[in-house]
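First comes the structure, then the notes that go with it.
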Protein chains: 2
Amino acid sequence: MGMYCRGMARAATTSDAFNAVAEPRRREILNYLALQERPVGEIVDALEMEQPSVSKHLRVLKDVGLVHARRDGRQMFYRTNAEAIRPLYEWAGTFERYWKHQLLRVKERAEAKSVAVKKD
Amino acid sequence: MGMYCRGMARAATTSDAFNAVAEPRRREILNYLALQERPVGEIVDALEMEQPSVSKHLRVLKDVGLVHARRDGRQMFYRTNAEAIRPLYEWAGTFERYWKHQLLRVKERAEAKSVAVKKD
DNA sequence: ACAATACATGCCCATATTAGAATATGTCAA
DNA sequence: TTGACATATTCTAATATGGGCATGTATTGT
């Protein structure tokens, strides 16, 4: 029977931006850090998360380059590296023409229906 | 299935498009099904994956509305629902102005440097 | 009814993850 | 050095995942 299971259950959160960003909390953090850099403590207060939790999320984000870190005294300032979100944007953008096309078809169908109603 | 869970280790892949799309294989499937609908067997052949694996990925994608399914005889035709990818696109797009700004700063710094060199 | 085809689902399991509590590291100030 | 403050890491327990493989289920053809 099954001896070795080489199962990578699920890609590591640190494997790429897609996986890192899958976590809602991390998206919140990225949103918060987009405007300006912030020390960890402020993130904790603003987003009402536990400090270790924030640190761990920041670690993941840093590992995939989604945030940059800078030390100032005892504080660590983090800021979003928007550049690292681009691949995501571009992949999703690949589908833009398709959803536009879909909307067109919906519109066409709606118009066809309205014509049919007028015919009645 | 999760009504209330003690420690949700990680958000379910079916919890939203972000989580569903985190899996590379599922992104491949979405790419493949964007142009036109296909039966499962063709996905299996084209992407060289095991059939049960494909079925399971399709289930996840369907649960979050990323694909639509249509039965025709013994075949199930799937197609990408591009509309469901938009939230992702829009979230990522939120950061567009930031990465543009970053590029600007990089350019400015480069120019400043070149001026400094000329001064020497 | 029976076989064949096309998918879907169930099970096992090593792996990765999460929150939370406790603890460790690092930095400054007196 | 000692203490206070700011972050990071470690350890736990609970859970979900994805690949393989086996089995179920639905639909068609004979």
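Letters go in sequence order (proteins before strands), and every chain restarts at 1.
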Quick one: is B:Ser53 getting a side-chain N or O under 4.0 Å of the D:dG19 phosphate, OP1 or OP2? yes
Does a side chain donor of either B:Gln51 or B:Ser55 reach within less than 3.5 Å of an acceptor in the other side chain? yes
Let me know the distance between CG of A:Asn19 and C1' of C:dT15, rounded to the nearest Å. 14 Å
Of all the choices, C:dA8, D:dT7, D:dT27, which nucleotide is nearest to the side chain of A:Gln75 once you look at every atom? D:dT7
Would one find a side-chain N or O of B:Arg10 under 4.0 angstrom from OP1 or OP2 of D:dT17? no
When the distance from CZ of B:Arg26 to P of D:dT17 is rounded to whole Å, what number comes out? 8 Å
Any A:Arg59 side-chain nitrogen or oxygen under 4.0 Å from OP1 or OP2 of D:dA8: no
For B:Met76 and D:dT25, give me the distance from atom CE to atom P, rounded to whole Å. 17 Å
Round to the nearest Å and state the distance from B:Lys56 atom NZ to C:dA8 atom P. 12 Å
Rounded to whole Å, how long is the line connecting atom CG of A:Leu61 with atom P of C:dT17? 13 Å
Give me the ring orientation class for B:Phe18 and B:Trp91: parallel if the planes are under 30° apart, tilted from 30 to 60°, perpendicular past 60°. perpendicular
What nucleotide, of C:dA19, D:dG18, C:dC7, holds the atom closest to the side chain of A:His57? C:dA19
Got a donor-acceptor contact below 3.5 angstrom from the B:Arg26 side chain to the B:Val21 backbone? no
Heavy-atom closest pair (B:Val60 atom, B:Ala20 atom, distance to 0.1 Å) is CG1-CB, 4.1 Å
Integer-rounded Å distance: C:dT5 P and B:Arg71 CZ: 17 Å
Using OP1 and OP2 only, check whether a side-chain N or O of B:Tyr78 sits under 4.0 Å from C:dA6. no
Comparing A:Asp72 and A:Ala12 on DNA chain C - which has the more 5′ nearest nucleotide: A:Ala12
Give me the ring orientation class for A:Tyr98 and A:Phe95: parallel if the planes are under 30° apart, tilted from 30 to 60°, perpendicular past 60°. tilted
5′-ward residue of the pair A:Arg25/B:Glu42 relative to DNA chain C: B:Glu42
With the side chain defined as heavy atoms from C-beta on, B:Arg74 is closest, among C:dC7, C:dA4, C:dT17, to C:dA4
Per atom distances to the A:Ala9 side chain, the nearest of C:dA14, C:dT17, D:dG20 is C:dA14
Looking at D:dA8, does its base get a donor-acceptor pair with the side chain of A:Gln51 below 3.5 Å? yes
Students often get this wrong, so: under 4.0 angstrom with heavy atoms, is B:Pro52 touching a base, only sugar-phosphate, or nothing? base
Choosing from C:dA19, D:dT17, C:dC7, which nucleotide comes nearest the side chain of B:Thr13? D:dT17
Whole angstrom value for the distance that separates C1' of D:dT7 from CD of A:Glu50: 14 Å
Whole-Å distance, A:Arg38 CZ to D:dA6 C1', equals 17 Å
Side chains of A:Phe77 and A:Val40: does their closest heavy-atom pair fall under 4.5 Å? no
